[in-house]
Amino acid sequence: MSSSLRPGPSRWRRAASIVLAAGWSRPETATPPSRPPPAEGFRLLLLQRSPHQGFMPGAHVFSGGVLDAADRSADWLGLFAPHHGPPRFGLGPAPFSHTAFPSLPDADDHKADNTGTLPDDVAFRICAVREAFEEAGVLLLRPRTSPPGPAPGPGLALEPLPGLVSWRDRVRQDPRHFLRLCAHLDCTPDIWALHNWSAWLTPFLRGTTRRFDTAFFLCCLSEPPPVYPDLAEVVGYQWSSPSEATESFLSKEIWLPPPQFYEVRRLANFASLSDLHKFCLGRALEGLERWLPIILLTADGMVHLLPGDELYLEDSDFLENLMSTEKKTEEIMKEGKQFHRIVTYHRHLYDIHVTVQSKYKHVYPKNSVVRKSHL
Ligand SMILES: CC(C)(COP(=O)(O)O)[C@@H](O)C(=O)NCCC(=O)NCCSC(=O)CC(=O)O
Ligand SMILES: Nc1ncnc2c1ncn2[C@@H]1O[C@H](COP(=O)(O)O)[C@@H](OP(=O)(O)O)[C@H]1O
Ligand SMILES: [Mg+2]
C-alpha cells in the first residue's frame, strides 16, 4: 500500500446540514404499483444540486451550506431573550466532547475575532436553518412565546411564508436578513429541534479544491412541509424513505455522495419517525466524532475508509493524502476482517461494510450486500 502526496493545506469551510425526516400520511400516489411501500415510516428530504455547482454538481444531498458571520452574530441575543441565552440557550447540558482526529488548520472564519459571538452549538444550528430556508423555502422556526426547551415529539415547519421569493432573495444576498425575517415573524430558529447527528470532513481526492467541515443535524417533523427549491443552487427535490433513496441511487435515478449514502443507510435502521426521534433525544449527551474518510484507490475501484477500520490510519498526513494499492478491491476485502468502509465499485454502486461496534450510542449502517448483477 502506498500513499500519494499533494502539497498545501486545504482551506476548510465550516458548514452545517440538516437531515430532515418527516412522517408520511399522504396517499401513496408517488409509489409505482410495482414497488412495495417503503419499510420505514418516514421520508427524508433530498435536494438536487444544480449541475452548475462547482462542488458535487447534480448530486442529491441534504440541505446545507457554509457558516456565515451573520449566523454567529451577537445580534441574535435580543431575539432569543428573555427565555433563552448564554451559555446553552436552552439546549440542555453540553454533550461530551471526544478527542478529535484530525485537528484542522484554523478555518477562515475562526481566524477572525470571535468575541461576542454565539457559541458553535447555536451558530451552526442557525446556519442549518437558514440554509433550509434559502435552498428549500422550509422555515424551521418557533414562536418566541413558546415554552422553553425541546419539544417532546416531532415538530412542524412554519406555514408557507407570504413574500417567500423576495425574503429569500434578500437572505441569499445578505444572510443578516435572516435575523430580520425571524424578528418580523416574531420567531427564533428552532435550534431545539436540531439534534446532533454526525460530522463529516470532505475526504482528500485529487482535484478536490473545496473541502467542508460539516455538522449534520437531524430534525424530525410530523409531516413534510411544502418545499420550494430556489432553482439556482437547488433544481429539484424528493422525499424518499431510506429504502427508496437506496433504490433510486442503485437504479441511477439519483446520485448520492458517499457520506450521504452512508447516512441514508444508517437511517434504514429505524422503523418509524418516533423511534428516530426518541433515539435522538436519548443520545443528546453522547456527543459526536468528526469523521475524515481516507480514500484507498484500488486497481479497480475506491474504498472510503472510516475510523475503526483496520486500514484506517489516524495520521494527519492523510488530510492531504490518499492511499493506493495495485490490488483489486475484492482481494483487499478478502484480506481483512475489521471493517468500517464504503466500497465504491462504480458511480452508482457502493457497498457498506461494518464489523466494528458503534461508538457513543450511535448506530452504524448494517452491511449492505452487493448484488452481483449490478457489478
Ligand atoms: C452541505 C455541503 C457542505 C455543501 O455546501 P454548499 O452548499 O456547496 O455550500 C455539502 O458539501 C455537504 O453535505 N458536505 C458534507 C460531506 C462532504 O463533503 N461530502 C462530499 C464527499 S465527496 C466524496 O466523498 C468524493 C466522491 O465524490 O466520491
Ligand atoms: N444559480 C446558481 N447555480 C449554481 N450554483 C450557485 C448558484 N447560486 C449560487 N450558487 C453556489 O452555491 C454555493 C452556495 O452554497 P451555500 O449557500 O449552500 O453555502 C456557492 O458556491 P461556492 O461555495 O462555490 O461559492 C454559490 O456559488
Ligand atoms: Mg448548499
Side-chain angles (χ1 to χ4, degrees), residues 10-20 44-71 104 107-109 124 126-138 168-169 171-175 177-178 197-218 229-237 249 254-264 266 288 290-298 301-306 319 322 341-352:
S10 294
R11 188 179 147 238
W12 291 95
R13 300 173 187 215
R14 300 207 304 158
S17 186
I18 300 187
V19 181
L20 205 54
L44 307 170
L45 179 60
L46 293 172
L47 302 180
Q48 184 176 17
R49 290 169 73 83
S50 155
H52 307 297
Q53 284 271 22
F55 183 71
M56 303 198 293
H60 277 73
V61 296
F62 308 112
S63 76
V66 175
L67 186 77
D68 189 274
D71 303 323
L104 298 184
D108 282 357
D109 62 306
F124 279 90
I126 293 176
C127 167
V129 172
R130 175 181 55 72
E131 290 286 345
F133 172 63
E134 287 186 34
E135 296 180 348
V138 172
R168 177 151 71 182
D169 282 350
V171 177
R172 277 165 57 87
Q173 272 164 29
D174 180 350
H177 283 292
F178 191 54
W197 184 255
S198 60
W200 291 87
L201 295 172
T202 311
F204 173 80
L205 254 182
R206 284 192 203 91
T208 308
T209 51
R210 255 170 272 229
R211 296 181 76 188
F212 296 90
D213 171 6
T214 310
F216 282 64
F217 296 100
L218 196 126
D230 65 7
L231 302 180
E233 278 180 64
V234 170
V235 293
Y237 73 96
F249 171 72
I254 65 172
W255 184 71
L256 295 168
Q260 281 76 3
F261 182 78
Y262 183 99
E263 294 302 359
V264 163
R266 183 183 348 225
L288 290 175
R290 179 173 66 178
W291 286 350
L292 168 73
I294 297 175
I295 305 284
L296 166 62
L297 285 180
T298 66
M302 194 190 281
V303 182
H304 288 233
L305 301 171
L306 298 173
L319 273 168
L322 41 77
R341 55 181 73 169
I342 311 170
V343 178
T344 70
Y345 292 97
H346 58 69
R347 198 172 143 77
H348 282 273
L349 187 57
Y350 306 153
D351 212 356
I352 296 180

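As the structure lists them, so they are numbered: ligands from 1, and atoms in each ligand from 1. For the numbers below, each heavy atom of this structure counts, side chains included, while hydrogens, waters and symmetry mates do not.
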Would you say Q260 has any N or O atom under 3.5 Å from an N or O of ligand 1, going by distance alone? yes
T214 side chain to A16 main-chain N or O, any donor-acceptor pair under 3.5 Å? no
If we number the atoms of ligand 1 from 1 as shown, the ones under 4.0 Å from a heavy atom of T214 are 3 (C), 14 (N), 15 (C)
Within the distance-only criterion (no hydrogens, no angle test), does the side chain of E135 pair as donor or acceptor with the backbone N or O of G64 below 3.5 angstrom? yes
Give the residue, atom name and distance (to 0.1 Å) of the protein heavy atom nearest atom 24 (O) of ligand 2. R210 NH1, 2.0 Å
Scan the protein's non-hydrogen atoms and note whether one is under 4.0 Å from atom 27 (O) of ligand 2. no
For atom 25 (C) of ligand 1, closest protein heavy-atom neighbour: L205 CD1, 3.6 Å
Between S198 (side chain) and F216 (backbone), is there a donor-acceptor pair under 3.5 Å? no
List ligand 1 atoms under 4.0 Å from A15, heavy atoms only on the residue side. 3 (C)
Hey, does the side chain of D68 reach the backbone of D71 with a donor-acceptor pair shorter than 3.5 angstrom? no
Is ligand 2 under 4.0 Å from a heavy atom in the side chain of R130, in the backbone, in both, or in neither? neither
Kindly give the heavy-atom pair with the smallest separation between L256 and F249, and that separation in Å. N-CD1, 3.4 Å
G65 heavy atoms, cut-off 4.0 Å: which ligand 2 atoms fall inside? 16 (P), 18 (O), 19 (O)
Which atoms of ligand 2 sit under 4.0 Å from any heavy atom of R172? 8 (N)
Test item, A15 contacting ligand 2 (heavy atom, 4.0 angstrom): no
Measure up the Y262 and W200 rings against each other and bin them: parallel (under 30°), tilted (30 to 60°), perpendicular (over 60°). perpendicular
Any protein heavy atom nearer than 4.0 Å to atom 14 (C) of ligand 2: yes
Could you establish whether R49 and ligand 2 come within less than 4.0 Å of each other, counting only heavy atoms on the residue side? no
Test item: R211 side-chain N/O and T202 main-chain N/O as donor-acceptor pair under 3.5 Å: yes
If you measure every N or O of E134 against every N or O of ligand 2, does any of those distances drop under 3.5 Å? no
Where on F216 is there a heavy atom closer than 4.0 Å to ligand 1, on the side chain, on the backbone, on both, or on neither? side chain
Aromatic plane relationship, Y350 with F261 - under 30° parallel, 30 to 60° tilted, over 60° perpendicular: perpendicular
Indicate whether atom 20 (C) of ligand 1 is within a distance of less than 4.0 angstrom of some protein heavy atom. yes
Testing V303, L205, L306 for side chain to side chain contact (heavy atoms under 4.5 Å, CB included) with P293, which one passes? L306
Taking non-hydrogen atoms only, is A232 closer than 4.0 angstrom to ligand 2 via side chain, backbone, both or neither? both
Those atoms of ligand 1 less than 4.0 Å from some heavy atom in W255: 27 (O)
I want to confirm something. Looking only at heavy atoms, which of E233, R347, M56, H304 is nearest to atom 22 (S) of ligand 1? M56
Inside 2.8 Å of the Mg ion (ligand 3) but strictly below it, how many protein N/O/S atoms are present? 2
Give the residue and atom name of whichever protein heavy atom lies nearest to atom 16 (C) of ligand 1, and the separation in Å to one decimal. W200 CB, 4.0 Å
With heavy-atom distances below 4.0 Å as the criterion, list the atoms of ligand 1 near P259. 19 (N), 21 (C), 24 (O)
Can you check whether H52 has an N/O within less than 3.5 Å of an N/O in ligand 2? no
Would you confirm whether H304, through its side chain, and I342, through its main-chain N or O, come within 3.5 Å as a donor-acceptor pair? no
Does the N or O separation between R49 and ligand 1 drop below 3.5 Å for any pair? yes
State whether the side chain of S50 and the backbone N or O of H52 hold a donor-acceptor pair below 3.5 Å, judged by distance alone. yes
How close does the nearest protein non-hydrogen atom get to atom 9 (C) of ligand 2, and which residue and atom is it? E233 CG, 3.6 Å
Check contact between G54 and ligand 2, using heavy atoms of the residue and a distance below 4.0 angstrom. no
Out of Q53, R13, E131, who is nearest to atom 20 (C) of ligand 2 when you count heavy atoms only? Q53
Determine yes or no for a side-chain-to-main-chain donor-acceptor pair under 3.5 angstrom, with R49 supplying the side chain and M56 the backbone. yes
Nearest protein heavy atom to atom 18 (O) of ligand 1, by residue and atom, and its distance? T202 OG1, 2.7 Å
Contact summary for F204 and L322, nearest pair of heavy atoms: CD2-N, 3.7 Å
Shortest protein contact, atom 5 (O) of ligand 1 (heavy atom only): F212 CE2, 3.6 Å
Return the residue, atom name and 0.1 Å-rounded distance of the protein heavy atom closest to atom 11 (O) of ligand 1. F55 CE2, 3.0 Å
With rounding to the nearest 0.5 Å, note down the distance linking CG in D230 to CZ in R168. 5.5 Å
V61 heavy atom under 4.0 Å from ligand 1: no
Closest to atom 19 (O) of ligand 2 among V66, D230, V234 (heavy-atom distance): V66
Using the ring centroid of each side chain, check whether F124 and F217 are separated by less than 6.0 Å. no
I352 CD1 to R341 CZ distance, which is reported to the nearest 0.5 Å: 13.0 Å
